[in-house]
Amino acid sequence: MAEGHSDQGTNNAESSDNVVDERTIVELAHLPQSADTLAALRVRDRIKRTGLFLRGAVLVLGAGNWLLSAVVRGGVDVFSTVVFLLVVLLVWGYPRLQASQVQRLVGWQGEYRTTVSPAGITCRSDHSTLIQKWSVFQGYRETADHFVLLSRDPNIMYVDVLPKRGVRDAEGVDRLRAILDQHTPRV
């Protein structure tokens with residue numbers, strides 16, 4: 001050290017790309033739940049709108065069939081009513097069935113540990129590791145309990161769910177939102 005110089009009050013941190021400020025990293029730990037997948041499917045349907053349109057069309061056709069059979073026969077038919085109730089049950093239950101199927105696929109892997117950083121998202125379980133760069137995502141949407149990231153492909157075949165319950169503190173949720181805003185748009 002040169003005479004007359006002191007290193008007190010100076011920052012000796014390395015200026016390497018490999019050194020990342022701890023404030024720009026958020027870690028989540030969570031067990032996947034069906035509600036997480038259901039939230040992701042709802043967000044995907046709202047963005048894509050095809051699923052909502054198809055389920056709405058099936059519901060309208062079912063109701064039309066029920067009303068038409070009631071008018072033609074002059075009263076409500078038990079068979080038509082049962083078919084209409086099955087259509088309503090199918091429209092309501094299909095996303096829940098999908099969420100339950102996804103839960104069976106990912107639930108056995110145990111706790112997921114996710115790291116969100118300027119480099120992207122890394123998700124680890126006891127059995128796998130998935131690393132995703134920000135370029136994979138077209139954007140994200142925030143719900144009351146989740147951040148849902150949507151893939152860039154036209155059919156949004158991949159969604160990534162970051163449950164807020166997995167963040168250790170409320171400050172972490174704000175930091176997570178800031179990182180997402182910096183690297184991908186809200187949709």
Side-chain angles (χ1 to χ4, degrees), residues 26-65 83-117 120-167 170 172-187:
V26 177
E27 294 181 346
L28 296 88
H30 64 93
L31 288 170
Q33 298 177 355
S34 289
D36 300 336
T37 305
L38 188 57
L41 290 172
R42 286 179 177 156
V43 166
R44 179 180 177 258
D45 281 349
R46 287 185 188 124
I47 299 293
K48 203 173 160 196
R49 298 187 184 175
T50 306
L52 290 176
F53 174 75
L54 290 175
R55 285 199 303 272
V58 167
L59 192 59
V60 166
L61 288 173
N65 180 39
V83 168
F84 177 65
L85 291 176
L86 286 174
V87 166
V88 170
L89 182 64
L90 178 70
V91 167
W92 175 83
Y94 184 70
R96 287 156 184 79
L97 183 62
Q98 282 182 305
S100 131
Q101 288 292 93
V102 170
Q103 178 62 29
R104 281 187 223 148
L105 290 172
V106 299
W108 67 271
Q109 295 186 39
E111 182 180 64
Y112 279 74
R113 296 164 305 282
T114 305
T115 304
V116 181
S117 71
I121 298 175
T122 302
C123 187
R124 291 181 174 85
S125 73
D126 292 339
H127 305 281
S128 66
T129 299
L130 176 63
I131 300 171
Q132 304 156 97
K133 293 183 178 183
W134 290 112
S135 59
V136 170
F137 303 108
Q138 67 170 295
Y140 82 96
R141 180 159 295 178
E142 183 176 358
T143 67
D145 299 320
H146 304 88
F147 291 99
V148 179
L149 290 108
L150 304 158
S151 66
R152 190 171 293 279
D153 64 284
N155 291 321
I156 310 174
M157 296 301 290
Y158 178 76
V159 292
D160 201 354
V161 183
L162 303 173
K164 293 179 182 178
R165 71 177 184 280
V167 181
V173 172
D174 293 334
R175 284 194 342 254
L176 178 57
R177 186 179 299 112
I179 292 170
L180 293 174
D181 284 336
Q182 184 178 8
H183 296 284
T184 186
R186 289 180 187 238
V187 290

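Owing to the predicted nature of the structure, the values given are computational and were not obtained by experimental measurement.
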Q | Under 3.5 Å donor-acceptor, Lys164 side chain and Thr143 backbone | A |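 It does hold such a pair.
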
Q. Counting N and O atoms only, with roles assigned by atom type, does the side chain of Gln103 sit under 3.5 Å from a partner on the main chain of Pro32, one being a donor and the other an acceptor?
A.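 Judged by distance alone, yes, a pair lies under 3.5 Å.
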
Tell me every residue that passes side-chain contact (heavy atoms from CB on, under 4.5 Å) with [X], counting only those two or more places apart in sequence or in another chain.
X	answer
Val88	Leu59, Phe84
Arg165	His30, Gln33, Asp36, His146, Pro163
Leu86	Val82

Contacts of type salt bridge (Lys or Arg N to Asp or Glu O under 4.0 Å), residue [X], not counting sequence neighbours:
X	value
Asp145	none
Arg44	none
Asp160	none
Asp153	none

Q | Residue pair Ile47 / Arg141: nearest heavy atoms and the distance that separates them | A |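 Looking at all heavy atoms of both residues, the closest pair is CD1-NH2, 3.0 Å.
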
Q: Please report the shortest heavy-atom distance between Val159 and Ala40, naming the atom on each side.
A: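 The pair with the smallest heavy-atom distance is CG2-CB, 3.7 Å.
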
**Q.** Passing candidate, side-chain contact (heavy atoms from CB on, under 4.5 Å) with Gln138, options Leu149, Thr184, Ile156
**A.**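 Exactly one option meets the side-chain contact (heavy atoms from CB on, under 4.5 Å) with Gln138, and it is Ile156.
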
Once rounded to the nearest 0.5 Å, what's the spacing between atom [atom1] of [X] and atom [atom2] of [Y]?
X	Y	atom1	atom2	answer
Leu38	Leu97	CG	CG	11.5 Å
Ser125	Tyr112	OG	OH	5.0 Å
Leu28	Thr115	CG	OG1	8.5 Å
Phe137	His183	CZ	NE2	12.5 Å
Thr114	Gln132	OG1	CD	9.0 Å
Thr122	Leu130	OG1	CG	8.0 Å

(Q) Enumerate the side-chain hydrogen bond (donor to acceptor under 3.5 Å, both in side chains) contacts for residues 85-99, please, sequence neighbours excluded, ordered by first and then second residue. (A)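 Applying side-chain hydrogen bond (donor to acceptor under 3.5 Å, both in side chains) to every pair that reaches into residues 85-99, excluding sequence neighbours, yields nothing.
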
(Q) According to side chain to side chain donor-acceptor pair (under 3.5 Å), who are the partners of Ser135, at least two apart in sequence or on a separate chain? (A)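 If we apply the side chain to side chain donor-acceptor pair (under 3.5 Å) test to Ser135, skipping adjacent residues, there are no hits.
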
Q: Using a 4.5 Å cut-off on heavy atoms from C-beta on, say whether the side chain of Ile121 contacts that of Trp134.
A: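 Heavy-atom side-chain distance check passes, below 4.5 Å.
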
Sort and list the pairs that fulfil salt bridge (charged side-chain N to carboxylate O under 4.0 Å, His left out) and have at least one residue in [range], not counting sequence neighbours.
range	result
residues 98-110	none
residues 177-187	Glu142-Arg177, Glu142-Arg186, Asp174-Arg177, Asp181-Arg186
residues 122-131	Arg113-Asp126

**Q.** Pair Ser128-Gln109, side-chain donor/acceptor within less than 3.5 Å
**A.**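 Yes.
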
Q) Are Val43 and Tyr140 close enough, and set up right, to give a side-chain contact (heavy atoms from CB on, under 4.5 Å), and what steps lead you there? A) CA-CA 9 Å; Val43 166; Tyr140 82 96; over 6 Å; no

